Number of protein chains: 2
Amino acid sequence: MTGIRRDSVRNRARLVEAAREVFAARGFEATLDDVARHAGLGTGTAYRHFPNKQALAAEVLTGATEQIAIDARAALEIDDPWLGLVDFFQRNAERQARDRGLYEALTGLGDDEAQARIWPGIITAVSELFDRAHAAGVLRPDAAAQDIPAIFAMLGPAFEMSRTIAPDLWRRYLTLMLDGLRATGRPDLPAPPPPVESLPLILRAGKRT
Amino acid sequence: MTGIRRDSVRNRARLVEAAREVFAARGFEATLDDVARHAGLGTGTAYRHFPNKQALAAEVLTGATEQIAIDARAALEIDDPWLGLVDFFQRNAERQARDRGLYEALTGLGDDEAQARIWPGIITAVSELFDRAHAAGVLRPDAAAQDIPAIFAMLGPAFEMSRTIAPDLWRRYLTLMLDGLRATGRPDLPAPPPPVESLPLILRAGKRT
DNA sequence: ACGAAACGGAGAAGCAATCTCCGCATCTTT
DNA sequence: AAAGATGCGGAGATTGCTTCTCCGTTTCGT
């Protein structure tokens, strides 16, 4: 009887690491072949360790996604309700700006179950941030927690620009939107926020069929 | 010698009309076959009248794109500098919300020459709107004309949501961003606006290679 | 040194879009 | 009304991917 081969274990780890880098840089459009090559391994090896791209992606994203809800809770520790909100958005935007795969997983382009699993937790956690800010009167009264996925979706193009133009450019546009969210005597927002049931649709919007 | 056949002329017109509808609804991902079928014609007919999809798209977009610069000039007729700016954004967003093909043509996903042809005119026209608003002190001082394409790019996801959730939803997020642009004692924007030379890159960002 | 396990990468298989081809239908002209 | 020219239709050839398999060769563990 033979034991577990050391090279096999090492190659699996290399694949995961390569996938992390490749998906972050190019999103899920990258092929498993791309990942394998980047890991210095053959295609066959990639397919022996993972049945398909989704499986590998799932492995890579676990943790990255949990982090989001953790961040939301951390933001609640910050005393100033406004700064807490800003902190949440900045932390998460920062990650997504660096990781295209993460952005795609959170908004529509990745796989569906992942989204369904992740967002409810985020919304719940962030709703508290919103409630607190509303109570303190620092957030415009007509802003709602349902606006969060929409805001992240809109940041997507800003992340892309950041990649090609200047790494920090997204901060400019996030600030613009956050300033729009502030409560300082401006007109009411037109149109109600999207209904909660349509959250999945918000995220799917833009997904090319 | 034979004259021009009437059915041929009519079919060409039908194709253009069908293309207008199909591209508006589904963007340029639609195939020429799709357009032909929607026109009630065969694929071959489509390819006889237009060498390829781009040619048809060009025909459909002429006019729609000129309209934008016209709108910008019209907005200058409005006395209130702020309202003029809002008017410009709203008119254009409205068109793009209804016409996915137009949005794609203006931002990165369409064909490149079209963009190069259109944007300079827009920027020039809108720069005046910005200058006027800056002079009146109604626009945050650190906002620049280069931010316009970026803002439109970010509205893209909002347009998609509007299509699937509520037709007016984009107004909510446009207002959010415009409110962020307003001059009412808020912190400076981080990161400078993208340099003018990088405008094409801004629009290309998000274009999948 | 031997057998089991894993590797590599060419290429099979599948898929989707673009575009061609030619027998058939429809027009215009006389 | 007949004839020739022109346009139509849509099946399928072509092209360009990506996904995934297969098996001769290499590397590992005992």
Side-chain angles (χ1 to χ4, degrees), chain A residues 1-19 21-23 25-60 100-101 104-105 109-112 114 207-209, chain B residues 1-19 21-23 25-60 100-101 104-105 108-112 207-209:
Chain A
M1 201 166 321
T2 332
I4 297 158
R5 284 177 57 157
R6 215 183 281 104
D7 57 345
S8 170
V9 177
R10 189 199 44 185
N11 285 340
R12 187 180 203 281
R14 282 192 184 161
L15 280 168
V16 174
E17 180 53 24
E21 294 173 13
V22 171
F23 289 152
R26 319 217 332 258
F28 294 125
E29 77 174 357
T31 68
L32 247 202
D33 293 46
D34 290 331
V35 173
R37 195 128 326 144
H38 191 253
L41 299 170
T43 323
T45 307
Y47 279 94
R48 192 156 340 86
H49 285 288
F50 302 92
N52 52 44
K53 193 160 67 171
Q54 287 72 18
L56 180 50
E59 177 117 0
V60 164
R100 192 189 229 166
E104 290 179 359
L109 299 106
D111 106 36
D112 286 349
K207 187 173 204 162
R208 297 263 123 180
T209 47
Chain B
M1 205 174 302
T2 332
I4 297 157
R5 284 178 56 158
R6 216 181 279 105
D7 58 344
S8 170
V9 176
R10 191 200 43 189
N11 284 341
R12 188 181 203 282
R14 281 193 187 162
L15 280 168
V16 173
E17 180 51 26
E21 294 172 15
V22 171
F23 288 152
R26 319 219 330 260
F28 294 126
E29 76 172 359
T31 69
L32 249 202
D33 294 44
D34 289 331
V35 173
R37 197 132 321 145
H38 190 255
L41 299 170
T43 322
T45 308
Y47 278 94
R48 194 159 336 88
H49 285 288
F50 302 92
N52 52 45
K53 193 161 65 171
Q54 287 72 19
L56 181 50
E59 177 118 358
V60 164
R100 192 188 230 167
E104 290 179 358
L109 299 107
D111 107 35
D112 287 348
K207 186 173 206 163
R208 296 263 125 180
T209 46

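Worth saying up front: this structure is predicted, and the values here are computed from it rather than measured.
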Close N/O contacts between protein and nucleotides 18-25 of chain D (under 3.5 Å):
unit_1	atom_1	unit_2	atom_2	d
D:dT19	OP1	A:Lys53	NZ	2.9
D:dC20	N4	A:Asp33	OD2	3.4

Measure the CZ-CZ distance between A:Arg5 and A:Arg10 for me, rounded to the nearest 0.5 Å.
10.0 Å

For the OG1 atom of B:Thr45 and the CZ atom of B:Arg12, what is their distance to the nearest 0.5 Å?
13.5 Å

A:Leu41 CG to C:dC7 P: how many Å, rounded?
7 Å

Heavy-atom check, side chain of A:Glu59 versus side chain of A:His49, under 4.5 Å
no

CZ of A:Arg5 versus C1' of C:dA5: gap in Å, rounded?
5 Å

Write down the distance between CG (A:Asp34) and P (D:dC17), rounded to a whole number of angstrom.
12 Å

Nearest to the side chain of A:Thr45, which nucleotide is it out of C:dG8, C:dA5, D:dC8?
C:dG8

Rounding to an integer number of Å, can you tell me how far B:Arg37 CZ sits from D:dC8 C1'?
14 Å

Heavy-atom donor-acceptor pair, B:Arg6 side-chain to C:dT28 base, under 3.5 Å:
no

Given C:dA6, is OP1 or OP2 found less than 4.0 Å from the side-chain N or O atoms of A:His49?
no

From B:Phe50 atom CZ to B:Leu15 atom CG, the distance as rounded to the nearest 0.5 Å
6.0 Å

Which distance, rounded to the nearest 0.5 Å, do you find between the CD of B:Glu29 and the NZ of B:Lys53?
8.5 Å

If only side-chain N and O atoms count, and only distance matters, is there a donor-acceptor pair under 3.5 Å linking A:Thr31 with A:Asp34?
yes

Do the side-chain N or O atoms of B:Asn11 get closer than 4.0 angstrom to the phosphate oxygens (OP1, OP2) of D:dC8?
yes

How close or far is atom P of D:dG7 from atom CG of B:Leu15, stated in whole angstroms?
14 Å

